Amino acid sequence: MRAVTQKTFGGPEVLEIIELDTPVTKATEVLVQLHASGINPIDGFIRSGGYPMLGQPPFILGWDISGVVVEVDPGVHRFSVGDEVYGMPFFPRQAGGYAEYVAVPARQLARKPSTIDHVHAAALPLVGLTAWQGLVDIADVQPGQRVLIHAAGGGVGHIAVQLAKHLGAEVIATASAGKHELVSSLGADQVIDYRAVDFTTAVRDVDVVLDSVGGDNGPRSIEVLRPGGTLLTLVDRANADLAAATTAAGRRFAGVAVEPDGAGLERLAELVDSGGLTVHVEQTFPLEEVAKAHELLFSGLPGKLVLAL
Ligand SMILES: NC(=O)c1ccc[n+]([C@@H]2O[C@H](COP(=O)([O-])OP(=O)(O)OC[C@H]3O[C@@H](n4cnc5c(N)ncnc54)[C@H](OP(=O)(O)O)[C@@H]3O)[C@@H](O)[C@H]2O)c1
């Protein structure tokens with residue numbers, strides 16, 4: 001099979017296509033022939049060596065997958081050959097998603113939403129599970145609560161806005177002006193251009209903040225939370241100073257570390273198929289153009305980038 005690997009840390013140019021043996025399933029696993037593989041910022045951090053989560057190269061990046069089951073290990077009953085599945089297996093260990101085949105524990109997959117194609121399904125798992133685990137499992141957002149979603153036009157943000165809305169929350173969002181139309185169309189009640197307006201002056205009494213920006217965004221978000229409100233942080237989850245400051249202010253600190261979750265994927269798929277969740281894919285690339293896709297990774301495009309296999 002074809003796969004993307006790298007021999008050194010570096011820029012997008014270190015990514016190269018190689019030929020590998022197709023993976024062999026172990027007990028609990030199915031072999032998935034991928035039709036699409038989603039790209040996430042973490043892939044770029046690992047590629048460059050900025051966040052060496054997979055250790056030293058060589059390794060194969062990629063977690064977000066959508067494809068068709070082509071083999072089922074004896075004892076697996078959740079799926080049959082021919083089933084269309086999607087998921088984010090093995091995270092934060094290597095999944096090898098930038099490849100034509102991946103062997104995956106069956107419980108880390110779910111049936112692909114039937115109303116979207118593989119490209120859109122492959123864009124959903126990591127950002128969808130992050131939003132779900134943060135807003136539902138950790139923050140337990142309730143109808144009528146006020147939720148602030150930072151970076152609302154990005155991968156996580158555009159899903160989180162819709163999920164918070166689905167949960168019955170009043171949704172306030174931050175995004176640059178070029179993304180306001182998209183963010184409003186996803187259901188945000190108020191969109192703040194964070195480049196023109198200091199969000200701490202434009203919003204208050206929020207029950208939950210989802211921060212995927214970091215830096216001073218975390219400490220500043222404490223100010224807009226009501227007493228007892230929750231700060232969900234994706235990038236500062238190990239920041240002890242931020243945790244202490246949040247707690248000292250009488251708010252709840254909650255770092256989010258997304259994890260594989262077949263049941264969460266099933267809920268997300270139901271939401272997609274009932275029309276409650278759309279996935280914005282900005283651009284697709286063939287596997288051979290993976291470096292081109294990585295060049296765009298931190299360019300501030302809305303939504304998601306996906307490799308179509
Ligand atoms: N802990 C976890 O489990 C977990 C899970 C998923 C993602 N993450 C992390 O969360 C971050 C975001 O991921 P993503 O996939 O959503 O990235 P993304 O698709 O690249 O989106 C990032 C967005 O941030 C916006 N932005 C930049 N500066 C901002 C600011 N000061 N205020 C508000 N918005 C700002 C950008 O849009 P505009 O500036 O144009 O509005 C951009 O759309 C990444 O660092 C990723 O690694 C962590």
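The structure displayed is predicted, hence computed values, not measured ones. Just follow the structure's listing: the first ligand is 1, and inside any ligand the first atom is 1. Numbers here simply count residues along the sequence, with the first being 1.
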In short, Ala160 meets Leu135 closest at the heavy-atom pair O-CD1, 3.6 Å

Identify, by atom number and element, the atoms of ligand 1 in contact range of Ala257, meaning under 4.0 Å from any of its heavy atoms. 3 (O)

Under 4.0 Å between a side-chain nitrogen and a carboxylate oxygen: does that hold for Arg78 and Asp83? no

Could you name the option among Ala131, Ala151, Ser176 that has the heavy atom nearest to atom 41 (O) of ligand 1? Ser176

Give me the atom names and distance for the closest heavy-atom approach of Leu265 to Gly87. CD1-CA, 3.5 Å

Note: Val156, heavy atoms under 4.0 Å from ligand 1, region reported as both

Do you know which two heavy atoms are closest between Asn239 and Phe253, and how far apart they sit? O-CZ, 4.1 Å

I want to check something: taking the side chain as every heavy atom from C-beta on, are Arg146 and Leu148 in contact at a cut-off of under 4.5 Å? no

Atom 37 (O) of ligand 1: which protein heavy atom is closest, and how many Å away? Lys179 NZ, 3.1 Å

When you compare ligand 1 with Leu234, is there at least one nitrogen or oxygen pair between them that comes in under 3.5 angstrom? yes

I need the minimum non-hydrogen distance between Pro41 and Phe298, along with the two atoms involved. O-CZ, 3.5 Å

Please give me the minimum heavy-atom distance between Phe9 and Ser48, naming the atom from each residue. CB-O, 3.5 Å

Just let me know how Arg195 lines up against ligand 1, side chain, backbone, both or neither, with a heavy-atom cut-off below 4.0 Å. side chain

Where on Asn40 is there a heavy atom closer than 4.0 Å to ligand 1, on the side chain, on the backbone, on both, or on neither? neither

N-O pairing of Asp73 and Lys26 below 4.0 Å: no

Pair Glu270 + Arg267, salt bridge at N-O below 4.0 Å: yes

Under 3.5 Å between some N or O of ligand 1 and some N or O of Val256? yes

State if His150 counts as touching ligand 1 under the rule of any non-hydrogen atom under 4.0 Å. no

Taking non-hydrogen atoms only, is Val258 closer than 4.0 angstrom to ligand 1 via side chain, backbone, both or neither? both

Subset of ligand 1 atoms that lie under 4.0 Å from at least one heavy atom of Thr174: 33 (C)

Heavy-atom gap Phe199 to ligand 1 smaller than 4.0 Å: no

Heavy atom under 4.0 Å from ligand 1: found in Pro41's side chain, backbone, both, or neither? side chain

Just jot down the ligand 1 atoms closer than 4.0 angstrom to any heavy atom of Ala175, in number order. 41 (O)

Side chain, backbone, both or neither: the part of Phe298 lying under 4.0 Å from ligand 1 by heavy atom: neither

Checking the N or O distance criterion of under 3.5 Å, is ligand 1 in contact with Gly155? yes

